[in-house]
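Reviewing the structure listed below.
Just so we're on the same page: letters track the sequence lines, and every chain starts at 1. All values derive from a computational prediction rather than experimental measurement.
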Amino acid sequence: MGNAIFSKGVVGLYAYIIRRMLMLIPVLIGMSIITFSIVHAIPGDPTKVILGDKATPEQVALVKENLGLDKPWYTQYFQYMKGVLTGDLGTSLITKRPISEEIRPFLAATFELSMVAMLFAFIFGINLGVLSAWRHNSWLDYGTMIIALIGVSIPVFWLGLMELWFFAQYLDLLPSYGRVDPRLGFVGITNFYLLDSILYGDVTYLKDVIMHLILPAIALGTIPMAIIARMTRSSMLEVMHSDYIRTARAKGLSEFWVIYKHTLKNAFMPILTVVGLQMGLLLGGAVLTETIFSWPGVGSYIYNAIHARDYPVIQSGILVLATIFVCINLLVDLLYGWIDPRIQYEKE
Amino acid sequence: MFKKSFLIISIVMIMILSAFVTGCVDKQNAGDAAAKTLIYGRGADSISLDPAQVTDGESLKVTRQIFDTLVQYKEHNTEVIPALAEKWEQSEDGKTWTFYLRKGVKFHDGTDFNADAVVYNFNRWMDPKHPEHKGGEFPYYAYMFGGYLGDDGHVIKAVTAVDAHTVKFELNFTSGPFLNNLAMPPFAIASPTAVKADPVEFNQNPVGTGAFKIAENGWKKNDAITLIKNDNFWQKGFPLMDKLIYKSIPDNAARFTALQAGDIDMMDGMNPDDSKTVKQNDALALHIRPGMNIAYLAFNTEKKPFDNPKVRQALNMAVNKQGIINSFYANMAEPAINPMPNVLWGYNDSVIDYEYNIEKAKQLLAEAGHPNGFEVEFYAMQDPRPYMPNGKKVAEYMQQDFAKIGVKTKIVSYDWQTYKDRVGKGEHQMALFGWIGDNGDPDNFLYVLLDKDNTRTPDAGNISFYRSEPLHSILIEAQRSTDQSARSALYEKAQDIIKKDAPWIPLVHATVPEAARSDVKGWRPHPTGSEPLYNVSISK
C-alpha cells in the first residue's frame, strides 16, 4: 500500500516524532513532581519497614541519615532526578538493589500478560462488534451488547475470583496462580515465559505457561474487549450506511468481504484509538488482576513498594509505566498515518 | 490486508522488545518430577533472607528453614531447648553464659560450624565498626540486646571462643530474657565465609546450617522462593521433603482457592470464615496457631477523662469480649484478662477480669463525676492485623456498648502506617492496638507495652502513657534477675497492679487458623509465628 509516511512525508514524520519526544520531557517531569509530592505527603516512612515496629528513635534517625531521608524533600527530588537523567533509576531502599535491574522481570511479566489480554480483547472485541453491527437491532445485536455492557461493568476482582472458583477449583482445569507451576523449576531466559518456553523447545513448559495465562488474560482483557466491541459496533454502523458499501454489495461481493474488508477497514480509525488507549491502561491497570492471580508484574511491584514506602521504587516504577504509556500513544498516532494515508504529520 | 500486516508488526515488536532483555541461561535441571515438593502459600514475599537484617514474619518464616540458632523453642510453647548448642551453663553472678556446641555440623557451603563462627556472627551484629556490619541495620539485635557495642544499655560485653566447640558470653549486667532472646530466628548463625564474600548480597544467597538450602536462582521476587533439601543436615534422616517452595499469593481468597484446588499444600493468612469450609472438606485440615499476641484498647492516661482510673475501670466493664470473639474472630480467639497470653510462663491465673455489667459501669462512671457520660474520639485501625481482623467493625461493636453508659464515641481510622505514627505520638484519646510477642518472655509484653521507660514519643510502645513507679521497679527487678521462679513471681505481681490501674481494656488473644491439605503431616504452627518444617511430609 502506498504509504504517505514513507513517501512524501518523511521529513514531516521525523519532525513530528522528535516534537512528540520533546513534549514527553515536560510531561514526565511534571508527573515525577506529582508522584514525588504524593508519596512524600503520605505519612509513614520506609524506616518502619526496615527496622520493624520496634525501632528506637535513635535507630530511625540513623537509618534516615544513611538513606538520605533526613534531607529536605526538594534536595531528595533533585538527587533522584539527577540519577534518572543519567540513566540511573535509583536503588530500592528496602532491598538495596538497583531498580533498573530489579524491575525487568516484573515489566516482562506485565507486558506478557497485557499483550495476551489485548490479543484476547482485540479478537473478541472486534468480532463481537462486527457481529453486532452486521445484524443491527436483532437479538444477536442485543445479546452481544448485553455481553459488552456486563463486560464493562463487571469488577475485575470479582470476575477473577469467579474464574478461579469455577475453572481452578470446581472444574480443576486451569492453575490458580502465577505464571508457571513452581514444581517445574522453570527458569526464565528473557522473562517472557511464552518466548522462553519456545526457546527451550519444551512442550510441557509451553503448555503450562499458556494454561497460566488464560484466566488472568481473560480477567484483564474483559473490559477492553467490551469497550472495543462497542466502539467497533458504532463505528461500523456509521460506515455501513455509506454509498461505497452499497456499491460493494451491488457489485456482488460476498458479505464477508464487504464487512471485513470494506467496512471494518474504514471503520478502523476510532477502534485503533481505543485499542491504543486501552493498551496503555492495561499496562498500568493490571494491579488488581496481578493481585488476584499472584502475577509477579510491575503493578504488584509498585503496590508492594507503596506499602513499604520505598520511594525510589514507586517513583521509578511509575516513571517507567508513564513513559511506556506515552510511547504507546505515540505509536498509535503513527499507526493512523499508516492505516489512513490521508493523514499527514506536517504542520503547515 | 492491513490486518495481516498489523499481526506481523505486532510479532516483530514483541521479538524486538524481548531481545533487549535476552540473556543466556542453560536449561535448568530443577524440574524433577519425582522430587517430593511442598508448596507453602502465603500473603507476601520475604524482604531479605539474611535473618539478622529483618523484622518481618515473611522473611523469618523462610530463614528459619535455612538457618539454625544456638537454642530454640519447644514445639508448642516458648520454653527453650538445645539446637546448635547441646547444653549451656550460667555463672553464679549470672553474667557469664557458656554454650557447648554440637560437633560435626557443617554450613551449606561445606565449611565447619564452630565456636569461631558463633563469635564472628555476634561481632558482626553488635559492632558497627565490624567490616561486615553491612547490608542493613541489624534491627532486632539492637532491639533485643539493648543497642550495639558501646551503647549504654548494651547487654553483651564480649563473646569469645574457649575452644573449637565452646563459646563464652560475658554480659555487662544480668539479663533475664537473654536465653529466650537467643532462641529467636533473627539470631541464627550464618556461614562466615559466605558473609565475608559479600555481606550485602548474602541476603539473596543465604548460607546456614538448616534443613533446607536455597536453590540456584531460587528467589523469584514477589513470586516464589525455592528451597532444596540439605543432605548433610545435622538431624539425621531429616528433612523429609526434597523441595520446599514458598509461594506468594497476595489475595486471601485466591490463596484459599489454590489450596482447595491442590495447587498449594499449606497456607497461612486464611480468612477466619474459611475455617468452616476447611472443617467440612475432608481433603483439608485445620491447624490452629496459638496466639502469642494481644489485642487491646489503650486509654491515653495523659488525656482527660482517662486520667481518672475509675473512668477506665468503668469502660472495662462495658465491653463484651465474648461477643467480639463470636462476631469477628469466628471463635478463633480467647478473651484477654492480662496484658500477656497464657502460653507464656509467669502468667497470673488468679487475676479476675472486670465483669461485663452495664449498670455497674454506669454507676462507676457517675462516681467518677461523669453521670451523663462524655464524648471521645475512638481510634481504630483500618487494615487487618493478625490480632485484629477488622478494627473498624470491632470498634463499632464496642461503640454500642459504650453508648449504653453514656459514652459517645467517634471512630477515627487511618491506614496502618499512619495509624501507628499517630498512636505512637499519643494523638489519640483511646485507641485499638495490639502486639505480637518476639521471644516468649513476659518482659517482652509487660515492659515493652506498659513500663514508663517506653512512653517516649514519637514511637511510644506504651501508648497508654501509663507511668506507674511500683510497676517500673518490679519490671526492672525482674529484668535484672536470672532466677526464673523469682522472675515469674514478680511478673504475676505486675499483672495485679496493671489490672487495678486499668490502663487498657485487654480484649483478646487471637489464635490463628491455618490450613493444609490433609495429606500434609507433622505441621505444628508455633506461637512465635515461624516454625521449622524439617519434619513435615506429604503422605500420598
Side-chain angles (χ1 to χ4, degrees), chain A residues 1 42-44 48-57 59-60 62-63 94-96 102 104-106 108 111 115 157 160-161 164-165 168-169 172 175-179 182-192 195 200 202 261 265 268 291-294 296 300-301 304 308-309 338-339, chain B residues 1-2 14-15 17-18 21-25 27-32 37 39 44-45 47-48 55-56 135-137 139-140 142-143 147 200 215 217 220-224 226 243 245 247-251 253-255 257-258 260-264 417-418 420-422 438 448 456 458-459 461:
Chain A
M1 48 211 269
I42 39 177
K48 296 290 158 60
V49 177
I50 296 166
L51 298 171
D53 292 349
K54 300 163 181 182
T56 63
Q59 278 179 295
V60 173
L62 185 74
V63 172
I94 307 298
T95 62
K96 315 230 175 352
E102 221 179 41
R104 277 188 198 181
F106 296 111
F111 201 79
M115 289 301 279
F157 66 90
L161 287 175
L164 274 186
W165 172 75
Q169 189 188 325
D172 202 8
S176 56
Y177 62 78
R179 302 179 69 189
R183 289 183 179 93
L184 290 178
F186 183 92
V187 174
I189 305 172
T190 63
N191 291 314
F192 291 92
L195 193 74
Y200 279 139
D202 191 319
K261 175 146 189 334
K265 186 178 177 185
F268 205 68
T291 306
I292 288 163
F293 291 95
S294 318
S300 75
Y301 182 56
N304 283 340
R309 303 286 193 270
W338 179 59
I339 286 176
Chain B
M1 182 171 59
F2 70 86
I14 297 175
M15 292 179 84
L17 275 155
S18 313
V21 277
T22 306
C24 199
V25 183
K27 189 170 169 176
Q28 299 285 311
N29 58 354
D32 177 7
T37 307
I39 305 186
D45 198 7
I47 289 177
S48 150
T55 56
D56 65 308
E137 322 299 334
Y140 249 129
Y143 177 63
V200 180
N217 294 315
K220 290 185 197 163
K221 293 289 156 61
N222 289 9
D223 185 2
T226 304
K243 229 197 253 185
I245 298 171
K247 170 71 201 169
S248 315
I249 305 179
D251 187 75
R255 197 176 328 117
T257 304
Q260 292 177 86
D263 293 341
I264 57 176
Q417 285 282 353
T418 316
K420 262 194 316 188
D421 270 5
R422 290 183 177 258
D438 300 297
V448 173
R456 294 189 290 189
D459 292 291

Heavy-atom distances under 4.5 Å only: say whether [X] touches chain A with side chain, backbone, both or neither.
| X | result |
| --- | --- |
| Lys221(B) | both |
| Thr257(B) | both |
| Ile47(B) | both |
| Ile249(B) | both |

message: Give me the atom names and distance for the closest heavy-atom approach of Lys243(B) to Arg183(A).
response: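 Looking at all heavy atoms of both residues, the closest pair is NZ-O, 3.5 Å.
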query: If every non-hydrogen atom of Gly160(A) is compared with every non-hydrogen atom of Ile292(A), which pair is closest and at what distance?
result: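 For Gly160(A) versus Ile292(A), the nearest heavy atoms are C-CG2, 4.1 Å.
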query: What's the spacing between Asp56(B) CG and Ser48(B) OG if we round to 0.5 Å?
result: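 These two atoms lie 8.5 Å from each other.
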- prompt: What distance do Arg255(B) atom CZ and Ser294(A) atom OG have between them, rounded to the nearest 0.5 Å?
  reply: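 OG of Ser294(A) is found 8.0 Å from CZ of Arg255(B).
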task: Return yes if some donor-acceptor pair links the side-chain N/O of Arg179(A) with the main-chain N/O of Asp223(B) below 3.5 Å, else return no.
output: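 Looks like no, no N/O pair under 3.5 Å.
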message: For Asp263(B), is there any backbone N or O sitting under 3.5 Å from a side-chain donor or acceptor partner on Tyr177(A)?
response: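 Side chain of Tyr177(A) to backbone of Asp263(B), a donor-acceptor pair under 3.5 Å: yes, one is there.
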message: Could you work out, with salt bridge (Lys or Arg N to Asp or Glu O under 4.0 Å) as the rule, every residue matching Lys220(B), not counting sequence neighbours?
response: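 By the salt bridge (Lys or Arg N to Asp or Glu O under 4.0 Å) rule, Lys220(B) matches no residue at all.
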Contact leader toward chain A among Asp251(B), Asn222(B), Thr226(B), Asp421(B), where contacts are heavy-atom pairs under 4.5 Å: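 Max contact count across the listed options: Asn222(B).
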Check each atom of [X] against the heavy atoms of chain B and say whether the ones under 4.5 Å are side chain, backbone, both or neither.
| X | answer |
| --- | --- |
| Phe106(A) | side chain |
| Arg309(A) | side chain |
| Pro105(A) | neither |

query: Counting heavy-atom pairs under 4.5 Å to chain B, which of Asp172(A), Leu161(A), Thr291(A), Leu164(A) comes out on top?
result: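 Between Asp172(A), Leu161(A), Thr291(A), Leu164(A), the count favours Thr291(A).
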